Trainee: 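Below: one structure in structure tokens.
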Amino acid sequence: MADIIQLLPDHVANQIAAGEVVQRPSSVVKELLENAIDAQSTSIKLIVKDAGKTLIQVIDDGKGMSTTDARLSFERHATSKIRTAEDLFQLNTKGFRGEALASIAAIAHVELKTKQEQDEVGSSIIIEGSEVVEQEVVVTPVGTSISVKNLFFNIPARRNFLKSNQVELRHIIDEFHRVALAHPNITFEMYHNGSEMFQLPESNYRQRIVNIFGSKTNEKLVPVEEDTEVLKISGFVGKPQFAKKSRGEQFFFVNNRFIKSAYLNHAITSAFEGLLKDGAHASYFLNLKVNPKTIDINIHPTKTEIKFDDEQTLYAILRASVKHSLGQFNIAPVLDFERDSNLDTPYGFKDKNANSPSIEVNRNFNPFQEEKATASRTQMSYKKEVAGNWEGLYVGLESKGTKSQQDFSEIQFESDEQTVSMFQNEHAIGQQQSTFQLHNKYIISKIKSGMLVIDQHRAHQRILYEDFLKNITVKEAMSQQLLFPLALHFSPQHMTIINQIKEDLEHTGFVFANLTNESLEITGVPVSVPESEVSIILEQLINDIENEVPDSNFSATDLLTKSMSKSLAIKTGQSLTIQEQEYMVNKLFACKEPNVSPNHRPTFVTMTLDELDRKFL
Ligand code: ADP
Ligand code: MG
């Protein structure tokens with residue numbers, strides 16, 4: 001048989017390699033920014049159009065390239081950064097594979113302009129799909145400018161695979177943050193579709209963090225410094241009381257390179273143990289310096305994971321120094337007058353009185369009151385005849401006097417706490433009661449065929465969700481004016497998100513004023529939203545939008561309503577008065593889709609008498 005193996009032509013090999021290096025526009029951003037840093041630039045400008053799908057341009061004032069190097073830089077495995085395999089173990093540069101420019105040029109239209117200081121003129125090269133289209137001598141400033149246009153123009157499948165501009169832009173901003181945080185001594189600018197997104201002058205590390213994440217960040221930072229033989233640590237962790245539900249602000253840099261490490265992240269989490277609210281994540285901005293010989297960066301093509309020789313020691317040092325800093329700066333449980341302390345209390349410790357604050361009773365009060373009429377459609381009876389049997393049972397117990405009450409308490413297998421709160425709720429048992437709350441989690445309600453067990457949190461989510469949706473689509477939400485405007489601070493990135501959803505938020509009843517690129521004022525809130533929860537709601541919302549894995553039918557309105565209902569819904573652990581329980585049941589069955597939560601989880605289950613009877617067989 002004839003020989004069949006052939007060498008792939010370069011442009012095909014490059015396209016294949018490109019798949020590994022360039023997953024999306026942000027990969028290009030990362031490679032170009034890193035090249036600019038390796039070229040010892042002091043000022044770097046990133047210009048992006050349509051989230052990088054149309055244009056990504058990086059302009060630097062670094063050392064530039066000679067005409068020959070300019071042409072060579074697009075060859076695969078062409079690099080000025082390493083010469084021998086040994087160099088791999090003492091890397092001081094970001095790049096070393098010599099693959100990025102070749103890969104990018106294989107799948108986009110690339111234009112390079114570059115000049116070295118000692119040269120009179122510079123060179124310009126245009127490459128499209130690995131083909132050099134034009135090369136000429138040009139007048140251009142010292143440094144390098146690379147424009148990457150029409151990414152994936154020759155791989156439609158990859159182009160179609162790209163996510164919405166919002167998502168792709170977020171990835172780009174993430175890369176930009178990582179590089180900018182690793183190099184506070186370099187000036188960075190970023191523009192998207194002609195408007196400035198970041199302007200980061202050369203500064204110290206703290207200032208760089210503040211310039212990126214907003215001026216409010218400053219007071220949240222606790223410095224961490226440690227200098228040992230194997231590891232130097234410098235940077236900041238966020239004070240626990242400012243911890244957010246999002247994982248957003250977690251940065252490790254090892255020798256100025258952003259890395260991800262679940263193991264080291266765990267070291268921080270354990271240093272914060274006991275200081276964070278449920279579900280909150282520590283934020284950190286930490287620079288680790290280790291001997292380059294003790295790490296291997298070569299294991300991942302995009303190089304965000306690295307291997308350490310002695311991870312356990314690093315873990316121990318990191319954990320200890322973060323703990324030390326938190327202790328030294330007196331971070332352990334503090335009084336913080338800026339926050340509503342109720343929000344910080346884990347639900348399990350919340351006031352367990354049967355009488356909830358009246359605001360809870362009224363939180364859903366709104367003009368859509370047709371539920372009474374609709375509830376009858378559901379053929380369930382919430383009338384007063386319901387609790388007859390239970391009443392009989394309890395009355396019987398009481399009449400037997402103290403002794404049997406003792407017996408009764410002896411056969412409680414549940415913890416005392418639960419027993420007590422159960423009876424707290426039962427104060428109205430003598431009245432005709434149609435609902436009953438179990439473990440501050442479920443509402444039990446009698447129906448003809450047996451009983452309903454309603455998940456209070458999910459049910460309330462459904463109720464609020466439909467209310468908000470109605471408000472947004474009808475566009476006539478009730479707003480409640482605030483006596484004093486509420487000033488809130490966000491990072492510029494989060495303000496961008498708020499601007500995108502502002503109109504929808506207004507339809508729910510929010511009224512905004514004085515928006516800047518890192519703050520806003522709220523002068524009105526939806527009637528169902530307590531003022532004290534506004535900032536939590538917005539934070540949760542931004543987090544949800546950032547973490548949404550958006551697909552083509554991504555709807556901001558839906559996300560907004562889901563997020564708000566999740567934030568506001570009565571939580572598991574909250575005890576409800578009988579009125580509240582009944583209100584919840586009625587309101588739930590007045591919903592269009594009472595049986596599932598906004599996230600399509602069941603809101604209630606039924607248990608028929610038959611099923612119960614069978615258990616007693
Ligand atoms: P690597 O960065 O791994 O060396 P690249 O494909 O990213 O590979 O770049 C190839 C070479 O092109 C680099 O080694 C460097 O010499 C040169 N180069 C790339 N970008 C720049 C730039 N902005 N300024 C100066 N030289 C650059
Ligand atoms: Mg490179």
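Order of appearance sets the numbers: ligands from 1, and atoms from 1 within every ligand. Everything numeric here is computed off the predicted structure, so don't read it as measured data.
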Trainee: Tell me whether L7 at atom CG has more than 12 heavy atoms from other residues, nucleotides or ligands lying less than 6.0 Å away.
Mentor: no
Trainee: Work out whether the distance between some heavy atom of K63 and some atom of ligand 1 is less than 4.0 Å.
Mentor: no
Trainee: Run the numbers for me: atoms of ligand 1, each under 4.0 Å from some heavy atom of A100, listed by number.
Mentor: 6 (O), 7 (O)
Trainee: Does even one non-hydrogen atom of D60 get within less than 4.0 Å of ligand 1?
Mentor: yes
Trainee: Does any N or O atom in G98 lie less than 3.5 angstrom from one in ligand 1, N or O only?
Mentor: yes
Trainee: Establish, from distance only, whether the side-chain atoms of Q116 and S66 form a donor-acceptor pair under 3.5 Å.
Mentor: no
Trainee: After noting the C-alpha distance and the side-chain angles of S145 and Q57, does the key distance pass the side chain to side chain donor-acceptor pair (under 3.5 Å) rule?
Mentor: CA-CA 7 Å; S145 158; Q57 183 176 15; 3.0 Å; yes
Trainee: Is there at least one pair of N or O atoms, one from L101 and one from ligand 1, spaced under 3.5 Å apart?
Mentor: yes
Trainee: Report the part of A39 in contact with ligand 1, treating N, CA, C, O as backbone and CB onward as side chain, heavy atoms under 4.0 Å; options are side chain, backbone, both, neither.
Mentor: side chain
Trainee: Should M65 be listed as contacting ligand 1, given a heavy-atom distance under 4.0 Å as the test?
Mentor: yes
Trainee: With the side chain counted from C-beta on, respond yes when K289 and N256 share a heavy-atom pair under 4.5 Å apart, and no when they do not.
Mentor: yes
Trainee: If I compare all heavy atoms of R319 with all of S270, which pair ends up nearest, and what's the gap?
Mentor: NE-OG, 2.7 Å
Trainee: For residues 180-194, tabulate all N or O donor-acceptor pairs below 3.5 Å that involve a side-chain atom, not counting sequence neighbours.
Mentor:
| unit_1 | atom_1 | unit_2 | atom_2 | d |
| --- | --- | --- | --- | --- |
| H183 | NE2 | K94 | NZ | 3.0 |
| T187 | OG1 | E202 | N | 3.4 |
| E189 | OE1 | Y191 | OH | 2.8 |
| H192 | NE2 | A51 | N | 3.0 |
| N193 | OD1 | D50 | N | 2.8 |

Trainee: Could you tell me which atoms of ligand 1, counted from 1 in the order shown, lie closer than 4.0 angstrom to a heavy atom of G64?
Mentor: 25 (C)
Trainee: Using a 4.0 Å heavy-atom cut-off, say whether E99 meets ligand 1 through its side chain, its backbone, both or neither.
Mentor: backbone
Trainee: Got an N, O or S from N35 under 2.8 Å of the Mg ion (ligand 2)?
Mentor: yes
Trainee: Side chains of F176 and I212: does their closest heavy-atom pair fall under 4.5 Å?
Mentor: no
Trainee: Can you confirm whether N255 sits close enough to P292 that some side-chain heavy atom of one is under 4.5 Å from a side-chain heavy atom of the other?
Mentor: yes
Trainee: Do any nitrogen or oxygen atoms of T144 lie less than 3.5 angstrom from nitrogen or oxygen atoms of ligand 1?
Mentor: yes
